Structures are given as C-alpha cells and as structure tokens.
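Right, one structure below, let's go through it.
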Amino acid sequence: MTEQNAPETAENEYDVAAIQEKWLPVWDELRPFASGKPGDERPKKYVLDMFPYPSGDLHMGHAEAYALGDVISRYWVQKGFNVMHPIGWDSFGLPAENAAIKRGLDPKGWTYDNIAQQKSSMRRYACSFDWDRVLVTSDPSYYRWNQWLFLEFYNKGLAYRKNSNVNWCPSCQTVLANEQVVQGLCERCDSVVTKKALTQWYFKVTDYADRLLDDLDTLEGNWPSKVLSMQRNWIGRSHGADVQFEIEGRTEPVTVFTTRPDTLFGATFMVVAADSALAAELAADSNPEIQSAFVKYLEMVKQSNDIERLATDRPKTGVDLGRFAINPVNGEKLPIWASDYVLADYGHGAIMAVPAHDQRDFEFAKAMNLPIRTVVDIKDENGVSIDPAVGEAPTTGSGTLINSGPLDGLAKDVAIEKIAEILQAEGKGKKTKNFRLRDWLISRQRYWGTPIPIIHCGNCGEVPVPADQLPVLLPSAEGLDLKPKGTSPLGGAEDWVNVACPKCGIAAKRDTDTMDTFVDSSWYFLRFLSPNSDEVAFPVEEAKAWAPVDQYVGGVTHAILHLLYARFVTKVLHDLDYLDFEEPFTRLLNQGMVLMGGSAMSKSRGNLVALSEQLDEHGVDAVRLTMSFAGPPEDDIDWADVSPAGSAKFLARAWRTANDVSSPVDIDFVAGNAELRKATHSFLRDFGPLIEGFKFNVGVAKIMELVNALRKAIDGPAGSGDAAVREAAETVAKALSLFAPYTAEDMWQKLGHTPGVALAELPEADLSLLVESSIVAIAQVDGKVRDKFEVSVDISESDLRDLAMSSEAVKKAIGDKQVANVIVRAPKLVNIATK
RNA sequence: GCCUCCAUAGCCCAAUGGCAGAGGCAGACGACUUAAAAUCGUCAAAGUGUGGGUUCGAGUCCCACUGGAGGCACCA
C-alpha cells in the first residue's frame, strides 16, 4: 500500500456517532452544569425550560424547545454565570390514566417508564440540565407540597367549595376549568362541553384580577407582546357602574352591572340570566302560566351546549317573567325577562337593557317587540342624527345625551361621571368594575393526581388534614375502577376514604377529588431550589438568591393557562411572605412549533417526523443547529423547509478547520493575519447581542461567515500555522458549543485544550482591530445612488459635500434641476434633493 | 364582530429610516477524480403583497386594502 492510496484515517473524518459516544461519559464526569456547588462565587442566573409531560419519548417539539433553551443557558454559563437550568416532569394527568385504562396497567408504571425514556433521550440530546435538580410531580415528595400549598390557600380563604353550573366533559367524565374549554370543546379530547351543577373546589384567582392585569405592564418588553395581550384579553376588565333596581313585590333590590350607566334613561326592560337563582325566584312568584313557560324555557337552555350558544347568528330567545323593575332615575316600570344571552356568572346575572345603544339588547327588543328609546344623539357622516328607535341597528359610539333629564346635552364620557355621582348620592349605585376572569376550578374526578387534603366530617364539616399527616398518599390503583364514571375513582378505595376526623375523632371521609395538574405546574419552578427537601416546599433564602426565573422558555400554548396560574400563585406566596417578588418569570421566550408540510405533526395526519430517526440520520448537533438556524425562534419551523443535512455539512466543515490548525496552543494571536483577526473580532462584537436578543438564526449565520473566512485563510496565504487561524478556530469552537456541543467539544480537544469548551469564555472583541481608516461614501441624488468614493472616516461634512458636488455622475443626475437641499451624513452619505 | 401579529430571490431567512443580501437550502458552472461521492471555488437569481401618505431619503414610520396566522367573543 502506497502513501497516496492510504485510506482516510478516522482522524480526518467527521464521524458523528463516534463523537457522540466519546463525549457523553466525559461530560458525566465533568458535570459542567452543576449549579449547587458550595462556595460558587459566580453571579446567579435561573434559566428554565417548561417541563415536559411524559407521554412517550421526546418529539420534535421538545427538540426545538430544549435546543433553544440550551442556547440561552449555555450562553450564560459561558459568560461566567452560575446558571441553574433544571428539569422535571409534569407527570400527573389524564393521558397516563387513559393509557392505563386502555392497556389495563397502573398509570404509575406507564408514567415512570416514559420518564426514564425521556431522561435518557435528554442526556443523548446533550441538554445542559443540572441533573442534581430534578423533580417529578407524581412523586409523593412533590405532591406533598402541592397539598401544603392547597392548605396555605385554604387557610388564607383562597380555596373554597361552591355549587354551581360547571363545565363538564362527558368523555373525560370530569369537570374542566374555564381555561380548558376551547371554543366550547374540551381542550384535551375535543368533546362538546356541557354544563352540570356540582360542588367543586375553587382557587380565588378573581381576588387577584387587578394585580394580574396591572402587573403585566412590568413585563412589557420582556415578554412577547402577544402573550401580554392574550392575558389582558383573558382577564378582561371592564369599567362601569352597579345600579340598583327596586323590584315590585320583592324586598331586596336587584343590582345590575353596566359599562354604559349614561344610557340609564334609555333602559326599556331588564333581563336576568335564565339559569340563575334570581330568574327561578322571580318566576316562582309569578303566575302559573309564566311559571310553566319559564320551566320549559329553562329546560331548553340547559340542553343547549356552548357550540350552539356561541353561534353568532343565533336568534334571541326568552320568557317574560311578568314582573317589573323600577328605573331608579325616573321611576319607570320595566318588564323583566329571562334569557340565555345574559350569563349567570358574570356581573350580577342581570342587566338593564338599553336596546337603542346595545347590539344584543337591540336584537332582543326587535325579537320580542319591546320599545326602543334613543338617549344618545349620534350623527352620521352627513351630520344627520341616527335614531335606532326607527332604524335597523343600535348606535354604540359617543354622542350627546338626550331624553335623559339631568344628563341632557352632556357628552357620553361626562354623562358617565355625572350619573355615577347622582346614583352614589342617592345610594342607588356606584362606579365599579368587572372581570371576564372566573375563579379557578381545581378539583377533578380522576385518579392520577394530587389528592385534596380535606376530610369531610358530619360534625365538623370540612377539616384540613393536619400538616404532620401529609402527604395524603394516593392509594394504589390496584383494585380500583379507573374508568371515568363521573365520580372520583378514589371513592372506591374504602380503606383510604374512611378515616377518623382529625378534630373530633368520629368516622369521616376523605375528599375523593384530585387537583388539576395546573396546580402542580403553578409553582414547580420554586421546588427546583430544593427538590428533595422534606422540611419545606422551597427554602425562602434560596428563593431570594435564585428566583424569580430570569429566563423562561416554552410554547405559546401556555400563554394563558399555565402562565396566569403561576403568576397568581406567586402573588399569593408573596402575600404570605414566602417570596420577595411578585412575578415568577422575568423574561419569556415562546418558541414556535415544528410543523411538517405546513401543518402540525400528528399520527392521524401521517406527517409525523420521529426525533430519534432524525438524530440517527443527521446526528444530535445537526438537529439542534437546524432548530436554531431555521428562523426566528418564535416562528414555526416547517421541517420540510429546512435542511438538517445542510447543518451536518456545515458542522463537518467547521470541524475540519480545527484539524487544520497547526500552530502551538499558546501562540500569541497579535501577530496573526490582520484580515482574519478583523473577521474574528467583528464576530465577537456581534455575537453576544444577537444571542441575548434571541436572534439565534443570525448568530449561527455569523458563525458560518467566520468559518468561511477561516477556511479561506487556511487555504490562502495565511496558512494553517497563522496565529489568527487558531484564534478564529477557537472562537468558532466556543460559539458553536451553544448549538452543537459534541462538535464543539471535539474541535476544542483537537485544538489542544482540555475538555470543557462549555465553560470556556468568549473573549471581548478588540475594537481597535475593527477601526477602519477609510470607508466607501455614497452620493445620492433624490435618494438614488449616483456615485461612490473612498474617503477617510473622519472626513468633514463640508469636504464630503464638496466631493459629492464635484462628481460628474452627480452633476449629470442633477442636470438642470435646482438643488433644494443637501443632506450630509459624514462619512457615509450625501443626499442632494432637487426641486 | 373586536383585538394582536406577519408578508423581502424558487425555498428558509438577514438588513440602528441611508448602496435591498449576512447566512443557508435548491440550481448552474469549474477544480480535484478513470468516474462518482465528498471537498474546494465561481456564478445566476428579488426592488421588498397592493394603493396612498410622511421624509432629503421608506423593506423599515403612518393610513387603507388584499392574503395568511393567532387570540377573544351574547362578558352587559
């Protein structure tokens, strides 16, 4: 065998699989991302990825999320921070239970098998997690503190039980929070959600509505504006007034909420929610025909689901209750109707109807032939007054009050203030506000969740489980019927349900419902501070040092639910003196979804891309790099549009440059090739701000640019021994370690360094290398480029102006036009404006 | 119905109000090779969805429209 024919040695070949195998055990030993070392003086930073639900192995969506979270986390490690980047599993919940029912297994086994699988995939994926900080919400050591949290809320009066019409999923056979009903469908199984009257546990999130809304302002600029606007929308604060109406034949007045108290003189009837207690009472005291008509109507209303109820073209229906309310400002008798267009659980479940100035009231008045009285004069574009009483539509804008006694002649906004004063003075109303947000329904009639730590006693009523008896362990699933049947499977665990009352000792029963898993995830970021503590949920001092989370990374699917609940719980814990901050997540990045062929991946669509296959085919680094390079992180990635093979090709190209560096490891860079040094340092200047601004795709492009310059230098006159070549190659290895840790580590070793490129800091850019002595200035005429010339960077404005004015090309462009203005931006540009 | 966001080469995407191109994919051509792959190199390709406006100057700011994505919705 001759020298020329020698096969390529492994040393010159970028062997992805071998590199991955090589570095995993080294990192296990090195543990570069441990954050709890005593005496660690580095400044702290808390970077958190939303923890996964263990529903199988990791998928492409996880791969994107963790690739991007890792870029941020590794960036701060490299900047010299003590970064806490933990991981856990949100492991209670319905999928485990449903899988268990389907296969006749214990949900526990299924869950923990999946966790083991995901954990091993995360290790292979080179996630920079601190493996000393791991939690699993279905572990008793976690949910014990979930129960603690519940009791803290309970003792503060923020957890309570009430009977009301709740959202019910007939397929999951459990109640749902408002937030889990999407377009009238169950967010999990897409069944049509119905209503059911049940006694359920709630957290009083409405007590915090104002703060949850107002504090969003403090997140402006650090959270995606989309999420802020979604949360504002969801909380939905309206300002208006409560107005009291006397009811004929009833001692108590009825209060209504309105955002338009100025239109009070235009009220021609009142409407109460058909499914409210008030409607039933008013009907019951009316004559028998009305009573039976009401009962019939109510029956119809109860049978309709949200899909029908929300249809926009649905005609208005209702029943005249034969009762009358008295308008507090003019003593008029207003007929009272019951209808389903008024909601029982918003405001007071009753409204004053002003058909002239409200779309829904207008439709109802037309349908029921009720009077319409115009009290706000609004002119059309021709200056003619629009009168809804004789027209086809109500007017809802601003105008001048008419037919309104003391309000006549006032503008809408002034009238709102004036009427509020009048009502307040007479004790018949006051300014107030209302929220779209409802209290958080947290009980579920399912098995695989945190048992609610309450005991129901015939003598004592609700009795909290004493702290020293926590956790209330979930009974074994063995022998329990997990099939959904409308009541909790825990009811079947008789040994577990029947206990002595902790207060009086008589036979009592445990609460058999479990908690919504969103309770588990509403505070998990605090548990990472001491994931194994038996003493506390989280240590207050550690929370002061580490929390709030500096950078949170996750999908926009949680823009309302999870983030709102976590914000709420944080505020409560703040008020209980456990935390010194009020917002849990200082900065938020929402990554997009990974699509395939234009739509979300799903088995039924047949467009599923298996992460494990992508990793086998292209390697971990190529997949990670593709996730970062595809585009802005918040945009969706269509896997059909991107090229992991191209990423792999680039990584091999970068890797080879390390092979080609022939200078000693301690060479002084100062003597290196000036052009390449300039490329390296302009990269160093740009890279950090790009990463901090989440412009990962641009950051990767800059690395590619540097690699191209480096390749040219190696193959060109500078050669492999040039000091700048080493400087550039080391810079590439360090920067690449955020995106492609295996390749970067291997480059680092080839460059003669000891393993641990993740901890190697990128140097500051030497700006003196970037100073240009000359620059190409452009001369424009009316904004169009007409000439260019090389000028000194410190050319004076007048010199540059003279240079431009004397250019032949410029003179030609001006022609015989008159020069109106000359803008000079030395040293870059002159623009000559002509008349 | 109300409220956000988006639109740049065939494709994915860059561009502090100042020469539309940083980077990549796909493509063409060349070098290397007996040949191919790999590698290295060169090239071609949009005037920024449409119509107005502000400005010395607009992809960028404002208005309207078209198309697309998302959120809220009988919330008084």
Side-chain angles (χ1 to χ4, degrees), chain A residues 8 13-14 182-183 224-238 240-241 256-261 263 271 273 309-314 316 339-343 345-354 357-361 363-364 434-438 556 559-560 592 625-626 629-632 634-638 640-647 649-650 652-653 656 686 690 695 697-708 711-712 714-715 776-788 819-825 828-835:
Chain A
E8 290 268 297
E13 217 174 284
Y14 177 67
V182 180
Q183 304 283 302
S225 52
K226 184 181 172 182
V227 175
L228 295 175
S229 102
M230 282 167 74
Q231 291 226 351
R232 289 190 178 108
N233 224 330
W234 185 262
I235 296 168
R237 180 165 58 198
S238 326
V256 305
F257 173 74
T258 175
T259 55
R260 292 295 303 277
T263 62
V271 186
R309 207 175 58 79
L310 293 173
T312 44
D313 53 352
R314 188 165 187 249
K316 292 277 181 290
S339 174
D340 64 350
Y341 87 89
V342 171
L343 307 175
D345 58 352
Y346 182 77
H348 305 281
I351 61 155
M352 65 177 209
V354 184
H357 306 295
D358 181 275
Q359 183 66 38
R360 299 146 301 181
D361 297 347
E363 286 167 18
F364 193 80
N434 249 298
F435 297 90
R436 217 193 66 92
L437 183 72
R438 309 294 151 86
V556 73
I560 297 173
L625 186 76
T626 302
F629 184 55
E634 57 274 14
D635 288 4
D636 289 344
I637 299 172
D638 192 329
D641 286 340
V642 296
S643 173
S647 299
K649 204 169 108 179
F650 162 71
R653 180 174 157 90
R656 280 194 303 271
D686 296 342
L690 286 171
K695 296 178 155 225
N697 54 328
V698 185
V700 172
K702 296 280 177 201
I703 303 177
M704 290 174 167
E705 217 178 330
L706 183 57
V707 168
N708 289 344
R711 182 77 258 161
K712 243 183 200 140
I714 292 169
D715 296 340
V776 174
I778 58 170
Q780 300 175 326
V781 177
D782 292 326
K784 289 201 176 69
V785 179
R786 297 299 182 184
D787 205 357
K788 301 180 185 186
V819 174
N821 195 5
V822 180
I823 311 294
V824 185
R825 294 281 179 273
K828 283 168 72 179
L829 168 139
V830 179
N831 189 20
I832 298 147
T834 65
K835 269 182 192 157

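Chain letters run A, B, ... following the sequence lines, proteins first, then strands; residues in each count from 1. Side-chain atoms are counted along with the backbone in the values below, which use heavy atoms only and exclude waters and symmetry mates. This one's a predicted model, so the numbers in the text were calculated from it and none came from an experiment.
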Across all strands shown, which nucleotide pairs with B/A22 by Watson-Crick or G-U wobble geometry, both distances under 3.5 Å? none
Calculate the interatomic distance between A/L437 atom CG and B/C72 atom P; express it in whole Å. 13 Å
Between B/G67 and B/G24, how far apart are the two P atoms, rounded to whole Å? 37 Å
Distances for protein N/O vs nucleotides 23-33 of chain B N/O pairs under 3.5 angstrom?
from  : atom 1 : to     : atom 2 : distance (Å)
B/G24 : OP1    : A/N708 : ND2    : 3.4

Distance below 4.0 Å between A/R711 side-chain N/O and B/G41 OP1 or OP2: no
Separation between CG (A/D358) and OG1 (A/T263), nearest 0.5 Å, reads 8.5 Å
For atom CZ of A/R237 and atom C1' of B/A76, their distance in whole Å: 18 Å
Is there a Watson-Crick or G-U wobble partner for B/G57 with both distances under 3.5 Å, and which nucleotide is it? none
Starting at atom CG of A/L625, determine the distance to atom C1' of B/C12, rounded to an integer number of angstrom. 14 Å
Gap in Å between the two P atoms, one belonging to B/G18 and one to B/A76, rounded: 43 Å
If we call it a pair only when both distances are under 3.5 Å in a Watson-Crick or G-U wobble match, what pairs with B/U42? B/A28
Closest to the 5' end of RNA chain B, once A/D635 and A/N821 are matched to their nearest nucleotides, is A/D635
With A/R232, which residues qualify under salt bridge (Lys or Arg N to Asp or Glu O under 4.0 Å), at least two apart? A/D217, A/E220
Of all residues at least two apart in sequence or in a different chain, which pass the salt bridge (Lys or Arg N to Asp or Glu O under 4.0 Å) check with A/K695? none
Is the phosphate of B/C12, meaning OP1 or OP2, less than 4.0 Å from a side-chain N or O of A/N697? no
Once you apply the 3.5 Å cut-off to both distances, tell me the Watson-Crick or G-U wobble partner of B/G67, or none. B/C6
Tell me: CH2 of A/W234 to C1' of B/A73, nearest whole Å? 11 Å
Taking syn as any angle within 90 degrees of 0 and anti as the rest, which one fits B/G23? anti
Is there a Watson-Crick or G-U wobble partner for B/U16 with both distances under 3.5 Å, and which nucleotide is it? none
Identify, with sequence neighbours excluded, every residue that meets salt bridge (Lys or Arg N to Asp or Glu O under 4.0 Å) alongside A/D641. none
Tell me, please, which residues at least two apart from A/Y341 pass ring pair (Phe, Tyr, Trp, His ring centres under 6.0 Å). A/F364
Protein N or O to nucleotides 17-20 of chain B N or O, pairs below 3.5 Å:
from  : atom 1 : to     : atom 2 : distance (Å)
B/G18 : O6     : A/R825 : NE     : 3.4
B/G18 : N2     : A/Q780 : OE1    : 3.0
B/G18 : N2     : A/N831 : ND2    : 3.0
B/C19 : O2     : A/K788 : NZ     : 2.2
B/C19 : N3     : A/K788 : NZ     : 3.4

Kindly write out the residues that satisfy side-chain hydrogen bond (donor to acceptor under 3.5 Å, both in side chains) with A/N831, not counting sequence neighbours, or none if the list is empty. none
Partner set under side-chain hydrogen bond (donor to acceptor under 3.5 Å, both in side chains) for A/T834, not counting sequence neighbours: A/D782
Under 3.5 Å on both distances, the Watson-Crick or G-U partner of B/C72: B/G1
With RNA chain B as reference, determine whether A/Y346 or A/S225 sits nearer its 5' end, using the nearest nucleotide of each. A/S225
Please report the closest heavy-atom contact between A/R436 and A/N233, naming both atoms and the distance. NE-O, 3.6 Å
In whole Å, what separates the C1' atom of B/A31 from that of B/U16? 42 Å
What is the nucleic acid contact for A/R232, judged by heavy atoms within less than 4.0 Å: base, sugar-phosphate only, or nothing? nothing
Check every strand shown and say whether A/V256 touches a base, only sugar-phosphate, or nothing at a heavy-atom separation below 4.0 Å. nothing
Using a cut-off of 4.0 Å on non-hydrogen atoms, how would the nucleic acid contact of A/R438 be classed: base, sugar-phosphate, or nothing? base
Worked check of side chain to side chain contact (heavy atoms under 4.5 Å, CB included) between A/I778 and A/K788: CA-CA 4 Å; A/I778 58 170; A/K788 301 180 185 186; 4.0 Å; yes
Here the distance between atom P of B/G1 and atom CD of A/E363, to the nearest Å, is 13 Å
Separation of B/A38 C1' from A/E13 CD (nearest whole Å): 10 Å
A/S238: side-chain hydrogen bond (donor to acceptor under 3.5 Å, both in side chains) partners, not counting sequence neighbours: A/Y346
Which pair of heavy atoms, one from A/A273 and one from A/L343, lies closest together, and at what distance? CB-C, 3.7 Å
Identify which nucleotide among B/A22, B/A76, B/U42 has an atom closest to any side-chain atom of A/V698, counting heavy atoms from C-beta outward. B/A22
